[in-house]
Amino acid sequence: MIMKRMLVMFLMVMLVAGSLFAIGCEPDEEVVEDPLDPVDEEPVDEEPPAEVDPGWVFATDHEYSIRDDGYPGLQELYGFEFADVVTMDLGITYGALRDGDVPVAMGFATDGRIAAYELVNLVDDKQFHPVYNCSPVVREETLEMYPEIADILNPIAAALDADTMSSLNMQVDIEEYLPVEVAEEWLMAEGFIGDDPADMGDGEPVVVGSKEFTEQLTLGQIAILALEYNGIPTVDETGLGGTVVVREAQERGDVDLYWEYTGTALITHLGYDEAITDPEECYALVAEEDLERYGLVWLDYTPFDNTYTIMMRQADADELGITTISDLAEAIMSGVPAP
Amino acid sequence: MLQNLYKLVLVPLFLVIVGVVIVIYTVNNPTDGLVARMLTYDNVIRALREHLMLMLVSMIGAITVGVLVGIMLSRPSLYYLGRGVENVVNVGQTIPSLAILALFFTWLGLGFRVAVFALFLYSILPILRNTFAGITSVDDSIIESAKGMGLNQFRILTRIELPLAFPIIIAGIRTAIVINVGAATLATFIGGGGFGDLIVTGLSVRRDMVIVTGAGLAALTAIILDYVIGQIEIRVVKWT
(Lines give C-alpha, C1' and ligand atoms only; values in the text may rest on other atoms or scores of the structure.)
Protein backbone atom coordinates (compact mmCIF):
# COMPACT_ATOMS: atom_id res chain seq x y z
CA MET A 1 0.00 0.00 0.00
CA ILE A 2 2.65 2.42 1.07
CA MET A 3 4.79 1.35 -1.83
CA LYS A 4 1.99 2.19 -4.19
CA ARG A 5 1.60 5.68 -2.71
CA MET A 6 5.31 6.27 -2.88
CA LEU A 7 5.24 5.27 -6.51
CA VAL A 8 2.41 7.70 -7.27
CA MET A 9 4.24 10.49 -5.44
CA PHE A 10 7.39 9.73 -7.31
CA LEU A 11 5.55 9.81 -10.62
CA MET A 12 3.99 13.15 -9.74
CA VAL A 13 7.32 14.67 -8.87
CA MET A 14 8.79 13.29 -12.08
CA LEU A 15 5.90 14.73 -14.06
CA VAL A 16 6.42 18.17 -12.57
CA ALA A 17 10.18 18.05 -12.99
CA GLY A 18 9.75 16.81 -16.52
CA SER A 19 7.36 19.58 -17.46
CA LEU A 20 9.63 22.18 -15.90
CA PHE A 21 12.50 20.81 -17.90
CA ALA A 22 10.49 20.63 -21.12
CA ILE A 23 9.41 24.22 -20.73
CA GLY A 24 13.01 25.23 -20.57
CA CYS A 25 12.51 27.96 -18.06
CA GLU A 26 16.21 28.22 -17.32
CA PRO A 27 17.31 30.85 -19.89
CA ASP A 28 16.29 33.72 -17.62
CA GLU A 29 19.06 33.58 -15.11
CA GLU A 30 18.27 36.72 -13.18
CA VAL A 31 16.92 34.83 -10.16
CA VAL A 32 20.13 33.15 -9.08
CA GLU A 33 21.38 35.38 -6.33
CA ASP A 34 22.90 34.63 -2.99
CA PRO A 35 21.22 36.80 -0.38
CA LEU A 36 24.28 36.66 1.89
CA ASP A 37 26.62 37.87 -0.78
CA PRO A 38 25.26 40.83 -2.68
CA VAL A 39 27.20 40.46 -5.91
CA ASP A 40 28.58 43.62 -7.43
CA GLU A 41 25.31 45.43 -7.02
CA GLU A 42 25.80 48.81 -8.56
CA PRO A 43 24.42 51.81 -6.77
CA VAL A 44 21.17 52.15 -8.65
CA ASP A 45 19.86 55.65 -8.17
CA GLU A 46 21.96 58.72 -7.53
CA GLU A 47 19.19 60.27 -5.55
CA PRO A 48 15.71 58.90 -5.29
CA PRO A 49 13.11 61.17 -6.90
CA ALA A 50 10.57 62.84 -4.68
CA GLU A 51 8.10 60.39 -3.21
CA VAL A 52 5.00 60.02 -5.35
CA ASP A 53 1.92 60.85 -3.30
CA PRO A 54 -0.05 57.60 -2.86
CA GLY A 55 -3.22 59.48 -3.74
CA TRP A 56 -2.23 59.64 -7.40
CA VAL A 57 -4.36 56.76 -8.56
CA PHE A 58 -5.19 56.32 -12.20
CA ALA A 59 -8.51 54.85 -13.32
CA THR A 60 -8.39 53.10 -16.66
CA ASP A 61 -10.16 50.41 -18.60
CA HIS A 62 -8.41 47.11 -19.13
CA GLU A 63 -7.44 47.69 -22.72
CA TYR A 64 -5.68 51.00 -22.13
CA SER A 65 -3.81 49.62 -19.14
CA ILE A 66 -1.84 47.22 -21.34
CA ARG A 67 -1.63 48.49 -24.91
CA ASP A 68 1.64 49.98 -26.09
CA ASP A 69 -0.35 52.98 -27.21
CA GLY A 70 -1.90 53.08 -23.73
CA TYR A 71 -0.58 53.61 -20.23
CA PRO A 72 2.75 51.72 -20.58
CA GLY A 73 3.80 53.88 -23.50
CA LEU A 74 2.46 57.06 -21.92
CA GLN A 75 4.47 56.43 -18.78
CA GLU A 76 7.61 55.87 -20.76
CA LEU A 77 7.28 58.89 -23.04
CA TYR A 78 6.32 61.39 -20.34
CA GLY A 79 8.57 59.81 -17.71
CA PHE A 80 6.19 59.41 -14.81
CA GLU A 81 4.30 56.79 -12.93
CA PHE A 82 1.10 56.82 -10.92
CA ALA A 83 1.18 55.47 -7.38
CA ASP A 84 -1.43 52.91 -8.38
CA VAL A 85 -3.49 51.93 -11.39
CA VAL A 86 -7.04 50.66 -10.98
CA THR A 87 -8.58 48.84 -13.90
CA MET A 88 -12.33 48.93 -14.30
CA ASP A 89 -15.06 48.81 -16.85
CA LEU A 90 -14.73 51.38 -19.61
CA GLY A 91 -17.87 53.40 -18.94
CA ILE A 92 -17.32 54.05 -15.24
CA THR A 93 -14.02 55.94 -15.32
CA TYR A 94 -15.86 59.21 -15.92
CA GLY A 95 -18.12 58.73 -12.92
CA ALA A 96 -15.23 57.56 -10.74
CA LEU A 97 -13.38 60.76 -11.59
CA ARG A 98 -16.44 62.97 -11.02
CA ASP A 99 -17.18 61.33 -7.67
CA GLY A 100 -13.64 61.87 -6.45
CA ASP A 101 -12.68 58.18 -6.29
CA VAL A 102 -9.59 58.93 -8.36
CA PRO A 103 -7.78 62.16 -9.32
CA VAL A 104 -6.99 61.16 -12.92
CA ALA A 105 -8.73 58.87 -15.37
CA MET A 106 -8.61 57.84 -18.98
CA GLY A 107 -11.52 58.29 -21.31
CA PHE A 108 -12.39 58.80 -24.93
CA ALA A 109 -11.95 62.23 -26.43
CA THR A 110 -15.42 62.46 -27.95
CA ASP A 111 -17.38 61.33 -24.91
CA GLY A 112 -20.24 63.64 -23.98
CA ARG A 113 -19.73 63.16 -20.26
CA ILE A 114 -16.41 65.05 -20.25
CA ALA A 115 -18.15 68.39 -20.64
CA ALA A 116 -21.23 67.41 -18.64
CA TYR A 117 -19.25 66.22 -15.60
CA GLU A 118 -16.96 69.29 -15.67
CA LEU A 119 -13.90 67.27 -16.53
CA VAL A 120 -11.05 68.46 -18.69
CA ASN A 121 -8.95 66.66 -21.30
CA LEU A 122 -5.26 67.24 -20.67
CA VAL A 123 -3.41 68.29 -23.79
CA ASP A 124 -1.29 65.49 -25.18
CA ASP A 125 1.64 67.86 -25.75
CA LYS A 126 4.05 65.15 -26.89
CA GLN A 127 1.45 63.72 -29.28
CA PHE A 128 1.56 60.28 -27.79
CA HIS A 129 -1.91 58.96 -28.41
CA PRO A 130 -2.38 57.39 -31.80
CA VAL A 131 -5.27 57.98 -34.12
CA TYR A 132 -8.63 56.34 -33.83
CA ASN A 133 -10.59 57.55 -36.80
CA CYS A 134 -13.65 55.48 -37.45
CA SER A 135 -14.76 53.71 -40.62
CA PRO A 136 -17.63 51.49 -41.58
CA VAL A 137 -16.07 48.06 -42.19
CA VAL A 138 -18.00 45.83 -44.57
CA ARG A 139 -17.54 42.23 -45.61
CA GLU A 140 -16.42 41.91 -49.20
CA GLU A 141 -19.36 39.68 -50.19
CA THR A 142 -21.85 42.15 -48.74
CA LEU A 143 -20.30 44.98 -50.68
CA GLU A 144 -20.46 42.92 -53.88
CA MET A 145 -24.15 42.36 -53.26
CA TYR A 146 -24.83 46.03 -52.44
CA PRO A 147 -22.04 48.12 -53.99
CA GLU A 148 -24.07 51.28 -53.27
CA ILE A 149 -23.30 50.93 -49.53
CA ALA A 150 -20.04 52.77 -50.16
CA ASP A 151 -21.81 55.70 -51.84
CA ILE A 152 -24.34 55.90 -49.03
CA LEU A 153 -21.94 55.77 -46.08
CA ASN A 154 -18.88 57.64 -47.40
CA PRO A 155 -20.46 61.12 -47.33
CA ILE A 156 -21.92 60.38 -43.91
CA ALA A 157 -18.51 59.43 -42.52
CA ALA A 158 -17.04 62.58 -44.03
CA ALA A 159 -19.61 64.72 -42.18
CA LEU A 160 -18.79 63.25 -38.76
CA ASP A 161 -16.24 65.62 -37.27
CA ALA A 162 -15.19 65.76 -33.62
CA ASP A 163 -17.72 68.40 -32.55
CA THR A 164 -20.55 66.58 -34.26
CA MET A 165 -19.69 63.27 -32.68
CA SER A 166 -19.25 64.78 -29.20
CA SER A 167 -22.61 66.47 -29.45
CA LEU A 168 -24.31 63.27 -30.63
CA ASN A 169 -22.74 61.36 -27.73
CA MET A 170 -23.80 64.06 -25.31
CA GLN A 171 -27.40 63.91 -26.48
CA VAL A 172 -27.46 60.22 -25.62
CA ASP A 173 -25.40 60.18 -22.43
CA ILE A 174 -26.61 63.35 -20.79
CA GLU A 175 -29.89 64.33 -22.39
CA GLU A 176 -30.94 60.70 -22.42
CA TYR A 177 -32.28 60.41 -25.93
CA LEU A 178 -32.11 57.00 -27.55
CA PRO A 179 -29.25 56.44 -30.00
CA VAL A 180 -31.78 55.82 -32.76
CA GLU A 181 -33.53 59.15 -32.11
CA VAL A 182 -30.25 61.05 -32.11
CA ALA A 183 -29.12 59.30 -35.28
CA GLU A 184 -32.38 59.99 -37.09
CA GLU A 185 -32.48 63.64 -36.13
CA TRP A 186 -28.91 64.22 -37.25
CA LEU A 187 -29.33 62.38 -40.55
CA MET A 188 -32.49 64.40 -41.24
CA ALA A 189 -30.82 67.69 -40.38
CA GLU A 190 -27.88 66.91 -42.63
CA GLY A 191 -30.17 65.79 -45.45
CA PHE A 192 -28.87 62.22 -45.66
CA ILE A 193 -32.36 60.91 -45.15
CA GLY A 194 -35.67 62.60 -45.85
CA ASP A 195 -39.33 61.91 -46.23
CA ASP A 196 -39.03 59.88 -49.35
CA PRO A 197 -37.47 56.48 -48.62
CA ALA A 198 -36.68 54.14 -51.49
CA ASP A 199 -38.67 50.92 -51.78
CA MET A 200 -37.26 48.20 -49.60
CA GLY A 201 -35.55 45.54 -51.69
CA ASP A 202 -36.19 41.90 -50.88
CA GLY A 203 -32.59 40.78 -51.05
CA GLU A 204 -30.48 39.35 -48.25
CA PRO A 205 -30.53 41.81 -45.31
CA VAL A 206 -27.31 43.46 -44.17
CA VAL A 207 -26.52 42.63 -40.54
CA VAL A 208 -25.28 45.80 -38.82
CA GLY A 209 -23.34 45.30 -35.59
CA SER A 210 -21.73 47.61 -33.06
CA LYS A 211 -19.87 47.53 -29.78
CA GLU A 212 -21.68 48.30 -26.57
CA PHE A 213 -20.88 51.95 -25.87
CA THR A 214 -22.82 55.06 -26.81
CA GLU A 215 -20.83 56.25 -29.79
CA GLN A 216 -20.95 52.80 -31.36
CA LEU A 217 -24.67 52.44 -30.77
CA THR A 218 -25.31 55.80 -32.41
CA LEU A 219 -23.04 55.04 -35.36
CA GLY A 220 -24.75 51.68 -35.78
CA GLN A 221 -28.15 53.36 -35.90
CA ILE A 222 -26.85 55.92 -38.38
CA ALA A 223 -25.75 53.11 -40.70
CA ILE A 224 -29.05 51.24 -40.31
CA LEU A 225 -31.21 54.30 -40.97
CA ALA A 226 -29.15 55.38 -43.96
CA LEU A 227 -29.16 51.92 -45.54
CA GLU A 228 -32.86 51.40 -44.98
CA TYR A 229 -33.69 54.83 -46.38
CA ASN A 230 -31.88 53.76 -49.54
CA GLY A 231 -33.83 50.53 -49.79
CA ILE A 232 -31.32 48.09 -48.33
CA PRO A 233 -32.90 45.77 -45.74
CA THR A 234 -30.94 45.48 -42.49
CA VAL A 235 -30.88 43.46 -39.30
CA ASP A 236 -30.06 45.37 -36.11
CA GLU A 237 -27.38 43.58 -34.10
CA THR A 238 -25.97 46.69 -32.45
CA GLY A 239 -24.75 46.60 -28.87
CA LEU A 240 -22.73 43.38 -28.97
CA GLY A 241 -20.38 42.77 -26.08
CA GLY A 242 -17.27 44.63 -27.15
CA THR A 243 -14.59 44.88 -29.79
CA VAL A 244 -13.61 41.25 -29.93
CA VAL A 245 -17.15 39.91 -29.99
CA VAL A 246 -18.23 42.12 -32.89
CA ARG A 247 -15.06 41.54 -34.78
CA GLU A 248 -15.18 37.77 -34.47
CA ALA A 249 -18.82 37.80 -35.48
CA GLN A 250 -17.82 39.70 -38.58
CA GLU A 251 -14.95 37.35 -39.39
CA ARG A 252 -17.39 34.46 -39.12
CA GLY A 253 -19.88 36.28 -41.34
CA ASP A 254 -22.54 36.77 -38.67
CA VAL A 255 -22.17 40.54 -38.85
CA ASP A 256 -21.81 42.25 -42.23
CA LEU A 257 -21.02 45.82 -41.23
CA TYR A 258 -19.87 47.75 -38.20
CA TRP A 259 -17.85 50.88 -37.43
CA GLU A 260 -14.31 50.18 -36.34
CA TYR A 261 -11.48 52.47 -35.29
CA THR A 262 -8.26 52.35 -37.28
CA GLY A 263 -5.98 52.20 -34.23
CA THR A 264 -7.96 49.38 -32.65
CA ALA A 265 -7.86 47.27 -35.79
CA LEU A 266 -4.13 47.83 -36.12
CA ILE A 267 -3.24 46.73 -32.61
CA THR A 268 -6.00 44.36 -31.59
CA HIS A 269 -7.09 42.65 -34.78
CA LEU A 270 -4.00 42.76 -36.96
CA GLY A 271 -1.63 42.16 -34.04
CA TYR A 272 0.78 45.07 -34.57
CA ASP A 273 2.36 46.19 -31.37
CA GLU A 274 3.32 49.67 -32.41
CA ALA A 275 0.81 52.39 -33.05
CA ILE A 276 0.76 54.87 -35.93
CA THR A 277 -0.03 58.53 -35.30
CA ASP A 278 -0.77 59.63 -38.86
CA PRO A 279 -4.46 59.09 -39.69
CA GLU A 280 -3.99 58.48 -43.39
CA GLU A 281 -1.06 56.13 -42.96
CA CYS A 282 -2.84 54.12 -40.28
CA TYR A 283 -6.00 53.88 -42.37
CA ALA A 284 -4.12 52.83 -45.51
CA LEU A 285 -2.24 50.06 -43.73
CA VAL A 286 -5.29 48.73 -41.92
CA ALA A 287 -7.50 48.86 -45.00
CA GLU A 288 -4.98 46.99 -47.10
CA GLU A 289 -4.17 44.29 -44.58
CA ASP A 290 -7.74 43.68 -43.51
CA LEU A 291 -8.86 43.20 -47.09
CA GLU A 292 -6.03 40.84 -47.82
CA ARG A 293 -6.23 38.78 -44.64
CA TYR A 294 -9.90 38.81 -43.73
CA GLY A 295 -11.76 40.04 -46.82
CA LEU A 296 -13.01 43.13 -45.00
CA VAL A 297 -13.39 46.44 -46.82
CA TRP A 298 -12.77 49.73 -45.00
CA LEU A 299 -14.93 52.53 -46.36
CA ASP A 300 -13.87 56.17 -45.94
CA TYR A 301 -12.92 57.24 -42.44
CA THR A 302 -14.43 59.99 -40.30
CA PRO A 303 -12.64 63.25 -39.54
CA PHE A 304 -13.32 62.71 -35.83
CA ASP A 305 -10.60 60.89 -33.97
CA ASN A 306 -11.91 59.15 -30.89
CA THR A 307 -8.52 58.75 -29.33
CA TYR A 308 -7.73 58.12 -25.71
CA THR A 309 -7.59 61.09 -23.43
CA ILE A 310 -6.31 61.70 -19.93
CA MET A 311 -8.83 63.59 -17.84
CA MET A 312 -8.88 65.47 -14.55
CA ARG A 313 -11.61 67.38 -12.79
CA GLN A 314 -11.67 70.94 -14.13
CA ALA A 315 -11.44 72.46 -10.63
CA ASP A 316 -8.37 70.38 -9.67
CA ALA A 317 -6.63 71.08 -12.95
CA ASP A 318 -7.16 74.82 -12.47
CA GLU A 319 -6.00 74.71 -8.88
CA LEU A 320 -2.80 72.81 -9.67
CA GLY A 321 -2.23 74.70 -12.91
CA ILE A 322 -2.22 71.56 -15.00
CA THR A 323 -3.23 71.80 -18.65
CA THR A 324 -1.01 69.23 -20.35
CA ILE A 325 0.09 65.69 -19.63
CA SER A 326 3.62 67.03 -19.16
CA ASP A 327 2.33 69.29 -16.38
CA LEU A 328 0.69 66.31 -14.78
CA ALA A 329 3.85 64.21 -15.04
CA GLU A 330 5.88 66.97 -13.43
CA ALA A 331 3.37 67.44 -10.61
CA ILE A 332 3.30 63.74 -9.82
CA MET A 333 7.02 63.22 -9.95
CA SER A 334 7.80 66.29 -7.85
CA GLY A 335 5.69 64.98 -5.00
CA VAL A 336 2.68 67.27 -5.26
CA PRO A 337 -0.11 65.76 -3.15
CA ALA A 338 -3.00 64.37 -5.13
CA PRO A 339 -6.23 66.35 -5.10
CA MET B 1 -0.81 8.60 8.49
CA LEU B 2 1.05 8.73 5.23
CA GLN B 3 -2.24 8.27 3.50
CA ASN B 4 -3.68 11.27 5.35
CA LEU B 5 -0.69 13.36 4.47
CA TYR B 6 -0.94 12.29 0.89
CA LYS B 7 -4.55 13.29 0.57
CA LEU B 8 -4.52 16.47 2.61
CA VAL B 9 -1.23 17.97 1.54
CA LEU B 10 0.18 16.36 -1.56
CA VAL B 11 -2.81 16.67 -3.85
CA PRO B 12 -3.26 20.41 -3.22
CA LEU B 13 0.49 20.80 -3.42
CA PHE B 14 0.45 19.10 -6.77
CA LEU B 15 -2.29 21.46 -7.98
CA VAL B 16 -0.31 24.43 -6.71
CA ILE B 17 2.70 23.17 -8.64
CA VAL B 18 0.55 22.88 -11.76
CA GLY B 19 -0.39 26.55 -11.27
CA VAL B 20 3.23 27.55 -10.78
CA VAL B 21 4.21 25.64 -13.91
CA ILE B 22 1.50 27.43 -15.90
CA VAL B 23 2.77 30.78 -14.64
CA ILE B 24 6.44 29.99 -15.27
CA TYR B 25 5.63 28.73 -18.73
CA THR B 26 3.51 31.68 -19.78
CA VAL B 27 5.81 34.30 -18.27
CA ASN B 28 8.81 32.83 -20.06
CA ASN B 29 7.13 32.15 -23.38
CA PRO B 30 4.99 35.19 -24.15
CA THR B 31 3.58 35.20 -27.66
CA ASP B 32 4.26 38.91 -28.12
CA GLY B 33 5.13 42.15 -26.35
CA LEU B 34 1.65 42.79 -25.02
CA VAL B 35 1.45 39.37 -23.43
CA ALA B 36 4.93 39.81 -21.96
CA ARG B 37 3.89 43.06 -20.33
CA MET B 38 0.73 41.63 -18.86
CA LEU B 39 2.14 38.32 -17.72
CA THR B 40 4.95 39.30 -15.41
CA TYR B 41 5.51 37.63 -12.06
CA ASP B 42 4.57 40.92 -10.41
CA ASN B 43 1.25 41.13 -12.17
CA VAL B 44 0.35 37.49 -11.64
CA ILE B 45 1.28 37.59 -7.97
CA ARG B 46 -0.64 40.82 -7.51
CA ALA B 47 -3.69 39.27 -9.19
CA LEU B 48 -3.35 36.15 -7.04
CA ARG B 49 -3.02 38.20 -3.87
CA GLU B 50 -6.01 40.37 -4.70
CA HIS B 51 -8.07 37.37 -5.71
CA LEU B 52 -7.27 35.45 -2.53
CA MET B 53 -7.94 38.54 -0.43
CA LEU B 54 -11.28 39.09 -2.14
CA MET B 55 -12.21 35.47 -1.56
CA LEU B 56 -10.85 34.88 1.91
CA VAL B 57 -12.17 38.06 3.48
CA SER B 58 -15.60 37.63 1.97
CA MET B 59 -15.74 33.89 2.68
CA ILE B 60 -14.62 34.14 6.29
CA GLY B 61 -17.23 36.81 6.88
CA ALA B 62 -19.87 34.85 5.01
CA ILE B 63 -19.18 31.60 6.85
CA THR B 64 -19.33 33.31 10.23
CA VAL B 65 -22.49 35.25 9.54
CA GLY B 66 -24.16 32.54 7.47
CA VAL B 67 -23.68 29.75 9.99
CA LEU B 68 -24.57 31.89 13.02
CA VAL B 69 -27.70 33.33 11.44
CA GLY B 70 -28.65 29.90 10.14
CA ILE B 71 -28.39 28.44 13.64
CA MET B 72 -30.37 31.32 15.13
CA LEU B 73 -33.15 30.98 12.61
CA SER B 74 -33.43 27.25 13.24
CA ARG B 75 -34.22 27.80 16.95
CA PRO B 76 -37.84 26.89 17.66
CA SER B 77 -38.61 30.44 18.81
CA LEU B 78 -37.44 31.95 15.50
CA TYR B 79 -38.49 29.13 13.27
CA TYR B 80 -41.41 31.07 11.76
CA LEU B 81 -38.91 33.72 10.62
CA GLY B 82 -36.62 31.10 9.17
CA ARG B 83 -39.02 30.01 6.43
CA GLY B 84 -39.46 33.60 5.30
CA VAL B 85 -35.73 34.28 5.31
CA GLU B 86 -35.14 31.09 3.37
CA ASN B 87 -37.47 32.31 0.64
CA VAL B 88 -35.77 35.69 0.50
CA VAL B 89 -32.40 33.96 0.27
CA ASN B 90 -33.59 31.73 -2.54
CA VAL B 91 -34.74 34.75 -4.49
CA GLY B 92 -31.49 36.59 -3.72
CA GLN B 93 -29.48 33.70 -5.11
CA THR B 94 -31.11 34.06 -8.51
CA ILE B 95 -29.71 37.58 -8.98
CA PRO B 96 -26.65 37.28 -11.25
CA SER B 97 -23.35 37.99 -9.51
CA LEU B 98 -22.46 40.69 -12.00
CA ALA B 99 -25.70 42.47 -11.18
CA ILE B 100 -24.91 42.29 -7.45
CA LEU B 101 -21.54 43.92 -8.07
CA ALA B 102 -23.10 46.54 -10.30
CA LEU B 103 -25.76 47.33 -7.69
CA PHE B 104 -23.21 47.82 -4.97
CA PHE B 105 -21.10 49.87 -7.30
CA THR B 106 -23.92 52.32 -7.90
CA TRP B 107 -24.59 52.46 -4.17
CA LEU B 108 -21.12 52.46 -2.61
CA GLY B 109 -18.71 53.46 -5.37
CA LEU B 110 -15.83 51.41 -6.62
CA GLY B 111 -12.83 49.50 -5.40
CA PHE B 112 -11.71 46.47 -3.46
CA ARG B 113 -13.87 46.99 -0.37
CA VAL B 114 -17.08 47.30 -2.32
CA ALA B 115 -16.24 44.13 -4.22
CA VAL B 116 -15.52 42.29 -0.96
CA PHE B 117 -18.79 43.46 0.52
CA ALA B 118 -20.79 42.35 -2.52
CA LEU B 119 -19.08 38.96 -2.58
CA PHE B 120 -19.64 38.59 1.15
CA LEU B 121 -23.38 39.17 0.85
CA TYR B 122 -23.62 36.90 -2.14
CA SER B 123 -21.73 34.06 -0.42
CA ILE B 124 -23.84 34.20 2.73
CA LEU B 125 -26.85 32.95 0.83
CA PRO B 126 -25.94 29.28 0.15
CA ILE B 127 -24.30 28.92 3.57
CA LEU B 128 -27.28 30.35 5.42
CA ARG B 129 -29.73 28.27 3.46
CA ASN B 130 -27.84 25.01 3.95
CA THR B 131 -27.25 25.62 7.66
CA PHE B 132 -30.94 26.26 8.21
CA ALA B 133 -32.02 23.33 6.06
CA GLY B 134 -29.45 21.01 7.63
CA ILE B 135 -30.48 21.72 11.20
CA THR B 136 -34.21 21.70 10.60
CA SER B 137 -33.97 18.42 8.73
CA VAL B 138 -32.72 16.59 11.82
CA ASP B 139 -35.37 14.03 12.73
CA ASP B 140 -37.65 15.19 15.55
CA SER B 141 -37.54 11.78 17.21
CA ILE B 142 -33.77 12.11 17.68
CA ILE B 143 -34.23 15.48 19.35
CA GLU B 144 -36.99 14.06 21.51
CA SER B 145 -34.84 11.19 22.68
CA ALA B 146 -32.00 13.61 23.39
CA LYS B 147 -34.39 15.64 25.53
CA GLY B 148 -35.46 12.45 27.22
CA MET B 149 -31.87 11.73 28.10
CA GLY B 150 -31.68 15.11 29.79
CA LEU B 151 -29.67 17.17 27.29
CA ASN B 152 -30.33 20.89 27.41
CA GLN B 153 -30.89 23.08 24.33
CA PHE B 154 -27.24 23.97 23.94
CA ARG B 155 -26.12 20.37 24.20
CA ILE B 156 -28.73 19.28 21.70
CA LEU B 157 -27.40 21.87 19.30
CA THR B 158 -23.74 21.02 19.70
CA ARG B 159 -24.01 17.27 20.20
CA ILE B 160 -26.91 16.33 17.98
CA GLU B 161 -27.99 18.97 15.50
CA LEU B 162 -24.70 20.45 14.33
CA PRO B 163 -22.91 17.10 13.80
CA LEU B 164 -25.85 15.73 11.87
CA ALA B 165 -26.21 18.90 9.82
CA PHE B 166 -22.46 19.20 9.29
CA PRO B 167 -22.24 17.60 5.83
CA ILE B 168 -25.02 19.83 4.57
CA ILE B 169 -23.43 22.97 6.02
CA ILE B 170 -20.11 22.04 4.43
CA ALA B 171 -21.87 21.44 1.12
CA GLY B 172 -23.22 25.00 1.37
CA ILE B 173 -19.75 26.36 2.09
CA ARG B 174 -18.33 24.49 -0.89
CA THR B 175 -21.05 25.84 -3.14
CA ALA B 176 -20.30 29.33 -1.84
CA ILE B 177 -16.59 28.95 -2.52
CA VAL B 178 -17.08 27.88 -6.09
CA ILE B 179 -19.57 30.70 -6.72
CA ASN B 180 -17.23 33.10 -4.96
CA VAL B 181 -14.18 32.27 -7.10
CA GLY B 182 -16.23 32.83 -10.23
CA ALA B 183 -17.84 36.01 -9.00
CA ALA B 184 -14.50 37.38 -7.80
CA THR B 185 -13.27 37.45 -11.40
CA LEU B 186 -15.99 40.03 -12.04
CA ALA B 187 -14.65 42.38 -9.37
CA THR B 188 -12.29 43.77 -11.97
CA PHE B 189 -15.19 45.63 -13.59
CA ILE B 190 -15.47 47.86 -10.55
CA GLY B 191 -11.75 48.18 -9.91
CA GLY B 192 -11.48 45.32 -7.42
CA GLY B 193 -8.54 43.55 -9.05
CA GLY B 194 -7.96 39.79 -8.99
CA PHE B 195 -7.63 37.27 -11.80
CA GLY B 196 -10.41 39.10 -13.59
CA ASP B 197 -7.80 41.75 -14.43
CA LEU B 198 -5.90 39.19 -16.47
CA ILE B 199 -8.97 37.68 -18.08
CA VAL B 200 -10.64 40.94 -19.09
CA THR B 201 -7.41 42.58 -20.20
CA GLY B 202 -6.57 39.54 -22.31
CA LEU B 203 -10.04 39.60 -23.77
CA SER B 204 -9.86 43.29 -24.58
CA VAL B 205 -6.67 42.93 -26.59
CA ARG B 206 -7.46 39.46 -27.84
CA ARG B 207 -4.48 37.65 -26.39
CA ASP B 208 -5.60 34.12 -25.62
CA MET B 209 -2.58 33.30 -23.50
CA VAL B 210 -3.46 35.96 -20.95
CA ILE B 211 -7.09 34.86 -20.83
CA VAL B 212 -6.22 31.21 -20.37
CA THR B 213 -3.66 31.96 -17.67
CA GLY B 214 -6.12 34.10 -15.70
CA ALA B 215 -8.99 31.67 -16.12
CA GLY B 216 -6.82 28.63 -15.41
CA LEU B 217 -5.43 30.08 -12.21
CA ALA B 218 -8.88 31.11 -11.01
CA ALA B 219 -10.16 27.61 -11.72
CA LEU B 220 -7.20 26.02 -9.92
CA THR B 221 -7.84 28.23 -6.90
CA ALA B 222 -11.43 27.02 -6.79
CA ILE B 223 -10.42 23.38 -7.17
CA ILE B 224 -7.77 23.57 -4.45
CA LEU B 225 -10.01 25.30 -1.93
CA ASP B 226 -12.91 22.99 -2.65
CA TYR B 227 -10.66 19.96 -2.29
CA VAL B 228 -9.20 21.14 1.00
CA ILE B 229 -12.64 21.86 2.44
CA GLY B 230 -13.81 18.44 1.23
CA GLN B 231 -10.88 16.75 2.98
CA ILE B 232 -11.55 18.67 6.17
CA GLU B 233 -15.14 17.55 6.01
CA ILE B 234 -14.19 13.88 5.73
CA ARG B 235 -11.83 14.19 8.67
CA VAL B 236 -14.27 16.02 10.89
CA VAL B 237 -17.01 13.54 10.11
CA LYS B 238 -14.67 10.71 11.09
CA TRP B 239 -13.80 12.36 14.39
CA THR B 240 -17.32 13.14 15.48
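The basis for the numbers below is simple: all heavy atoms, side chains too, and nothing from hydrogens, waters or symmetry mates. Order of the sequence lines sets the chain letters (A, B, ...), proteins ahead of strands, with each chain counted from 1.
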Ranking A:Leu90, A:Ile66, A:Asp89, A:Val86 by heavy-atom pairs under 4.5 Å to chain B gives rank one to A:Ile66
Side-chain donor-acceptor contacts of residues 165-177 of chain B below 3.5 Å, not counting sequence neighbours, with atom names and distances?
residue  : atom : partner  : partner atom : Å
B:Arg174 : NE   : B:Asp226 : OD1          : 2.9
B:Arg174 : NH1  : B:Glu233 : OE1          : 3.4
B:Arg174 : NH2  : B:Asp226 : OD2          : 3.3
B:Thr175 : OG1  : B:Ala171 : O            : 2.8

Do you know which of A:Gly271, A:Gly95, A:Pro72 has the most heavy-atom pairs with chain B at a distance under 4.5 angstrom?
A:Pro72
Where do A:Tyr258 and A:Arg247 land on the side chain to side chain contact (heavy atoms under 4.5 Å, CB included) test, with the steps shown first?
CA-CA 9 Å; A:Tyr258 82 100; A:Arg247 171 67 181 212; 3.6 Å; yes
Examine A:Tyr308 together with A:Tyr64 and report whether their ring centres are nearer than 6.0 Å.
yes
Given a strict heavy-atom distance threshold of 4.5 Å, which part of A:Thr243 is in contact with chain B: side chain, backbone, both, or neither?
neither
Run the salt-bridge test on A:Asp84 and B:Arg46 with the 4.0 Å N-O cut-off and return the result as yes or no.
yes
Going through the distances and angles, do A:Glu251 and A:His269 end up as a side-chain hydrogen bond (donor to acceptor under 3.5 Å, both in side chains)?
CA-CA 11 Å; A:Glu251 285 174 13; A:His269 306 320; 5.4 Å; no
Relative to chain A, which segment of B:Phe105 carries a heavy atom at a distance below 4.5 Å: side chain, backbone, both, or neither?
side chain
Option that, when pairs with chain A are counted at under 4.5 Å, heavy atom only, ranks first among B:Gly193, B:Gly192, B:Gly196, B:Gly191:
B:Gly191
Taking the inter-plane angle between the rings of A:Tyr71 and A:Phe82 on a 0 to 90° scale, is it parallel (under 30°), tilted (30 to 60°) or perpendicular (over 60°)?
tilted
When the 4.5 angstrom heavy-atom criterion is applied to A:Val102 and chain B, the contacting part is neither
So which of B:Val20, B:Asp32, B:Asp197 has the biggest tally of heavy-atom pairs under 4.5 Å with chain A?
B:Asp197
